[in-house]
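The structure appears right after this line, and notes come after that.
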Amino acid sequence: MPCRSCRDCGIFWVFSPILTPYQLRMKTDELREKYLAFFETKGHTRVASDVLVPTWDPSVLFTPAGMNQFKDHFLGKVKLDYTRATSCQKCLRTGDIDNVGRTAYHHTFFEMLGNFSFGDYFKRDAINWAWEFLTDKKWLGINPDRLTVTVYLDDEEAGEIWAKDIGLAKAKIERLDEGENFWPASAPSQGPDGVCGPCSEIYFHPDEGKSVEIWNLVFTQFNRVGDPPENLRPLPSKNIDTGMGLERTVATLQGVPTNYHIDNLMPIVQAAAEVCGVKYTLDSDAGRRCRRITDHVRACTFAVHENVYPGANKEKYVVKRLLRRAVLDGHQLGLRDPFLFKLVPFVVEAMRSAYPELTETTERVASVIQQEEANFFGTIDAGLNRIDRVFEDMRKENRVKVEGGVAAELYQTFGVPPELFEALAAEHNLTFDWEGYTRAMELHGEASGKVQHTVMGAKGPLDSLKHALHSTPFLGYETTEAAAVVKGIVVGESPDDHLCDQLDDLSHKAVRVVLDQSPFYGESGGQVGDSGKIIGKDFEFQVSDSHKDGQLIVHLGQLTKGVIREGDAVQAIVDTDRRQGIRRAHSATHILHHALQKHLGTHAQQQGSKVDCDWLRFDFTNLSPVTAEQISAITQDVNKHVDEAKPVKWETLPLAEARKQGAMMLFGEKYPDPVRMVSMGSFSKELCGGTHLDNTAEVEAFEVLSEEGVSAGTRRIVALTGPQATQYSDQVCTAVRSASETIGCAQLALASNVSDLLEKQRDLKKLLTSGGVLPNSDAGEMATNLSSEEPKPSQAKEILTQVAKMLSVSPLAVPERVVALNEEVLALRDRLAQRAAAGPLSADALLAEATKVGDVQVVVAEAPTADANLMRQLIDQIRQKVSLSAVLLAATEGDDKVTLVAGISKDLQALGGHAGNWIKPVAQALGGGGGGRPDLAQAGGKEPERLSEALEVARHTIANMIEGKS
RNA sequence: GGGGCCGUAGCUCAAUUGGGAGAGCGCCGGCUUUGCAAGCCGGAGGUUAGGGGUUCGAAACCCCUCGGCUCCA
């Protein structure tokens, strides 16, 4: 009985003989090439591997299979330039991540060979060619005796072809149910709805060990509609989608016991062992770790190469997790410093013949990995402290099992890996509650929200329109106003809503209208949708936003007058002012992109972008914050290009031609072919479907509002264009002028003056609390410098940014903050002046006014101009001089506040004196409250006019306290 | 996108939970010593990330902003 699923054959090689030098029959690069070449001879177009991280496809984070890049081909959504394709696709799946390294065949990153038919050939050819490729001496030449196949129970057609065409004995054709031989698995009974079909798998049987599934042929021929029975409708155009795991097939051809021993993975495994300082063996803990490191570093290398850096969400998070798992393996093997990055060159070397582009980014990739590694080692160090604390608590309470909940909490908040926790627990003879840990993590997963599954081919109200119209031609590149015909009206936004023939309800705010053609730009590529209006003979429709649904442009808005009917002839009019603002922002975005690459390096590629009316947000790759100087230089560079008034042109040309001309292409971006290329002067060429200016001069002005981090390795710039930029620039100048006037200094010297002012504030505060007085040299007003030289706008911005940083406020809040700061300094100076006038405060002076209660020296006095800290110091001095003493001082602050501090000497405390109890009734007499410790208490009140009354209370209270207790 | 944690001296961290901002290391000066993390004495160094609020009183409690860490999807 052949092994049906690789999930079962995890540890078979544990029993196989010790690793021996393998016989190389066919190299990995050779198989890859042969496969593609073979299907080329069968009329297939060789298609390059799609990117690993397809940002164009919201339904997946990583390319999970060879067919992914052909989804739209299968669904007939795109124009087919070919109906047969073959590819070798790099893929990444994390579903079986826990098995990586432990089993012979699991990977996260792997390559998938495939051949595809889009409504062209079907089962017969697919099966015959598969057999030919596998067994023909000219190709793989596998002994047919070593191969068996499986087919779906009800798939007579496939069974027939295997038996009759190929001539396989019946015993070699196994019939399996929908759980095994259907795609998606169990689709007929359990769904999901949509495209599906039976499949047929080919198994290889080695001399020893379990058999291996090396090729899966999927025959997509049905559309599932609801639950059985009769729920599988034949598709008008049937497709073929096959997948042959490259590593796995090579492993069988090379006769090695695990994929990790094939010719292009073994060198990485060996390198990992060397870096980790262990001897690699097949069946050992260290061996498993080396294989896991190999897999994960390969995955990380490809991901980082595509500018997906380890981060906090989505695909970035997956990369981070992969990287950390590998690093943790190294840590468990005793490493304490970054090591993974050293393996990057080995990955590149192994993969370069198929992916030569890797060699261009090796250094950057290694450095990104190294940095993240260093971070994680830091996290581990911090985690060790926390773990020690947990152990300490457990020792105190005599517990021996690490609670899963505690481990989960430590993991969730501080990233302390549970494996590490467990290992350390074992060293302390403590056990670890994995079950509780898993439970707690599941709870956390639920609390963090569920994922919304997007079902392939889900139906909405616009789908019938999509079939009828296919697409809405966009006229907006040439015009902002056009005649059109209403093709569809939908009220409401939920998928349950349906098309209606006409609408007269003016109250609906979310009405969608589709026209046969439109000048409105539907939101896409980061550019917001147009607004405007659609006017018919007897109605008016206000368009608040436009977006794209498939190839349709959907106008979203509200009917403001009359009745709109399907079939009405209308005039579609875009709000041109807003459109112009969007064009300014979009063209400026391209110029900015160019400037960033020029000033920061070519890695500073677009990660995301949003273009609105004279407002743009641009995310890009950069490891560190962009400095103020760089921002300034970039801003000037952008404005220089604006001033140079370069023409903006666009043309539609073949993708290959655009690439040849050096157009900027982004990883993960899916470009149509032919493609629209926007170029500005000779400095910028980008593939872009957005609306642009005719000349860079129309941008008018460009100002950066902010630069900030959005996640590790990604920075975000928000900027303004046109009138918005000019206005902002004016505000900046005004702010600098106003702040300078406040403190009476030259605008160009604002930064140093604010810095001085801050220093002054600190000095005065210190002086006030230490009981000093204003030195004569400081008595005068700050020298005013009325030099009225205006800074240039770019200077003003630099000055303001600098000052804003000093004051920790946003730039435009600087004037307000400077006013407050200035007032505070004046107030401080004022109080110090008062103190100087009132004469010095000293412990001796206060003691001179002390009264004696028994043997105790009691001081109850006003200490005008002192603050709480100074009063404490005076009390300390008195307590040091007189061993039996009680002191209570009061200071009024403004019109509505009194501060009290009371102290009791140590000897008096021993006799029962308590400062807290003393001060309470006094504070109450002032309409306040307070308290403190026996030796020192602090309180306050809000009625200074009752101060003398309160001081009487103080004298009585302390007298009673001393007499009562002693 | 959602959850959790943190931000105190140059560094690592305390602060009896709302009552006087500290320790160790490092730094500077002096003395004593020439042994490997030397000893002793003295000193500087703080807007407790920033802003607002509650309170007689906030490092601590509440809100906002900034920065960092971390998990989940």
Side-chain angles (χ1 to χ4, degrees), chain A residues 58 61 94 310-318 320-321 324 372 375-376 378-383 385-386 389 407-418 437 440-453 625 706-712 757-766 769 804-810 813-814 816-817 820-821 824-825 828 867-876 879 890-893 896-903 915-916 919-920 922-944 950:
Chain A
L61 296 179
T94 55
N313 42 36
K314 303 209 166 157
E315 64 278 359
K316 289 169 194 287
Y317 181 64
V318 173
K320 178 171 169 177
R321 209 169 51 174
R324 293 195 165 200
E372 177 62 19
N375 284 347
F376 186 51
T379 300
I380 289 179
D381 280 344
N385 285 330
R386 306 205 175 266
R389 267 183 245 170
E409 197 186 333
L410 239 53
Y411 180 50
Q412 286 161 20
T413 49
F414 304 110
V416 178
Y437 169 80
M441 286 309 288
E442 274 166 11
L443 231 60
H444 175 61
E446 278 166 32
S448 298
K450 290 276 175 237
V451 68
Q452 316 87 315
H453 288 285
S706 65
E707 189 275 347
E708 63 193 352
V710 46
S711 65
L757 201 56
L758 282 167
E759 199 179 334
K760 181 110 322 181
Q761 180 201 30
R762 210 168 57 216
D763 291 348
L764 292 176
K765 267 189 180 171
K766 202 178 274 182
T769 58
K805 203 174 170 191
M806 266 187 242
L807 298 171
S808 311
V809 291
S810 66
V814 161
E816 197 187 338
R817 186 85 186 85
L821 178 64
E824 194 181 345
V825 168
L828 285 168
D867 70 348
N869 197 43
L870 182 53
M871 288 191 278
R872 273 194 296 263
Q873 285 177 29
L874 290 167
I875 288 169
D876 274 348
R879 282 194 300 200
T892 53
E893 220 178 299
D896 55 352
K897 212 172 149 186
V898 184
T899 302
L900 304 169
V901 182
I919 209 168
K920 252 178 210 160
V922 185
Q924 275 158 14
L926 290 165
R933 303 184 314 253
D935 64 320
L936 196 108
Q938 190 180 335
K942 289 184 263 196
E943 300 167 29

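Chain naming here is simple, since letters A, B, ... match the order of the sequence lines and numbering starts at 1 in each.
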Open item on the list: Using atom C1' in both nucleotides, what's the gap between B/C5 and B/G35 to the nearest angstrom?
Closed with: 46 Å

Open item on the list: Please check if the number of heavy atoms outside A/E943 that lie under 6.0 Å from its CD is greater than 12.
Closed with: yes

Open item on the list: Roughly how many Å apart are B/G7 and B/C13, using the C1' atom of each and rounding to a whole number?
Closed with: 13 Å

TODO: Evaluate the side-chain proximity of A/R879 to A/L936: yes if any heavy-atom separation is below 4.5 Å, no if none is.
DONE: yes

Open item on the list: Please classify the nucleic acid contact of A/A923 as base, sugar-phosphate, or nothing, using heavy-atom distances under 4.0 Å.
Closed with: nothing

TODO: Would you classify A/G415 as touching base, sugar-phosphate or nothing, given that sugar-phosphate means primed atoms plus P, OP1 and OP2, and contacts are heavy atoms under 4.0 Å?
DONE: sugar-phosphate

Task: Nearest-Å distance for atom pair OH/P, residues A/Y411 and B/C5 - done: 18 Å

TODO: Check the pair A/R872, A/Q938 against side-chain contact (heavy atoms from CB on, under 4.5 Å), reporting the backbone distance first and the verdict last.
DONE: CA-CA 9 Å; A/R872 273 194 296 263; A/Q938 190 180 335; 3.2 Å; yes

Open item on the list: How close do A/F376 and A/G415 get, counting heavy atoms only, and between which atoms?
Closed with: CE1-O, 4.3 Å

Task: Non-hydrogen atoms of A/G930 and A/A939 that approach each other most closely - done: CA-CB, 3.6 Å

TODO: Give, for atom NZ of A/K320 and atom CG of A/N375, the distance between the pair rounded to the nearest 0.5 Å.
DONE: 8.0 Å

TODO: Round to a whole Å and report the spacing from CG of A/L936 to C1' of B/C56.
DONE: 14 Å

Task: Separation of B/C69 P from A/F414 CZ (nearest whole Å) - done: 14 Å

Open item on the list: With rounding to the closest Å, how many angstrom separate the P atoms on B/A60 and B/G18?
Closed with: 10 Å

Task: Separation between the C1' atoms of B/G10 and B/G57, rounded to whole Å - done: 32 Å

- [ ] Figure out the CG/P separation between A/L61 and B/A73, and round it to whole Å.
- [x] 11 Å

Task: Nearest-angstrom distance, P atom, B/G43 to B/A23 - done: 11 Å

Task: Between P of B/U16 and CG of A/D935, the distance in whole Å - done: 16 Å

Task: A/M441 or A/R879, whichever maps to the more 5' nucleotide of RNA chain B - done: A/R879

TODO: Go ahead and name the base partner of B/A21; Watson-Crick or wobble counts if both distances stay under 3.5 Å, otherwise write none.
DONE: none

- [ ] Give the nucleotide from the list B/U70, B/C71, B/G4 with an atom nearest to the side chain of A/Q412.
- [x] B/C71

TODO: Scan every strand shown for a Watson-Crick or G-U wobble partner of B/C31, both distances under 3.5 Å, and answer none if you come up empty.
DONE: B/G39

Open item on the list: Looking only at the side chain of A/R324 (C-beta and beyond, no hydrogens), which of the listed nucleotides B/C56, B/C71, B/U70 gets closest?
Closed with: B/U70

- [ ] Hunt down the Watson-Crick or G-U wobble partner of B/G67, both distances under 3.5 Å, from any strand shown, or write none.
- [x] B/C6

Open item on the list: By nearest heavy atom, map A/F376 and A/G941 onto RNA chain B; which one lands nearer the 5' end?
Closed with: A/G941

- [ ] Give none if B/U54 has no partner; otherwise give the nucleotide forming a Watson-Crick or G-U wobble pair with it, both distances under 3.5 Å.
- [x] none

TODO: Run through A/R321, A/E372, A/R324, A/K316 and flag the one making a side chain to side chain contact (heavy atoms under 4.5 Å, CB included) with A/P310.
DONE: A/E372

Task: Separation between the C1' atoms of B/U55 and B/C61, rounded to whole Å - done: 10 Å

Open item on the list: Give me the distance, rounded to whole Å, that separates B/A49 from B/C56 when you measure between the C1' atoms they each carry.
Closed with: 27 Å

TODO: Once you apply the 3.5 Å cut-off to both distances, tell me the Watson-Crick or G-U wobble partner of B/A15, or none.
DONE: none

Open item on the list: Please confirm whether the shortest side-chain N or O distance from A/K920 to OP1 or OP2 of B/C56 is below 4.0 Å.
Closed with: no

Task: Value in whole Å for how far the C1' atom of B/G57 lies from CG of A/L926 - done: 14 Å

TODO: Taking the side chain as every heavy atom from C-beta outward, state whether A/L900 and A/L926 have any pair of such atoms under 4.5 Å apart.
DONE: yes

Task: Counterpart base for B/G1, defined by Watson-Crick or G-U wobble contacts under 3.5 Å - done: B/C72

Task: Under-4.0 Å side-chain N/O to phosphate OP1/OP2 contact, A/K942 with B/U55 - done: no

Open item on the list: Please determine whether a side-chain nitrogen or oxygen atom of A/R321 lies at a distance below 4.0 Å from atom OP1 or OP2 of B/A73.
Closed with: yes

Task: Integer-rounded Å distance: B/U55 C1' and A/L900 CG - done: 15 Å

- [ ] Please tell me which of the listed nucleotides, B/C69, B/C56, B/A21, lies nearest to the side chain of A/K897?
- [x] B/C56

Open item on the list: If I pick the P atom on B/G39 and the same atom on B/G45, what distance separates them, to the nearest angstrom?
Closed with: 25 Å

- [ ] Rounded off to whole Å, could you give me the CD-to-P distance for the A/E315 and B/G1 pair?
- [x] 13 Å

Open item on the list: Measuring from the side chain of A/H444 (C-beta onward, heavy atoms only), which nucleotide among B/U70, B/C71, B/G19 has the closest atom?
Closed with: B/C71

TODO: Please determine if a side-chain N or O atom of A/T899 lies less than 4.0 Å away from the OP1 or OP2 oxygen of B/G57.
DONE: no

- [ ] Please determine, for the side chain of A/K320, which listed nucleotide (B/C69, B/G57, B/C71) has the closest atom?
- [x] B/C71

TODO: Please work out whether B/U12 sits syn or anti, treating a glycosidic angle within 90° of 0 as syn.
DONE: anti

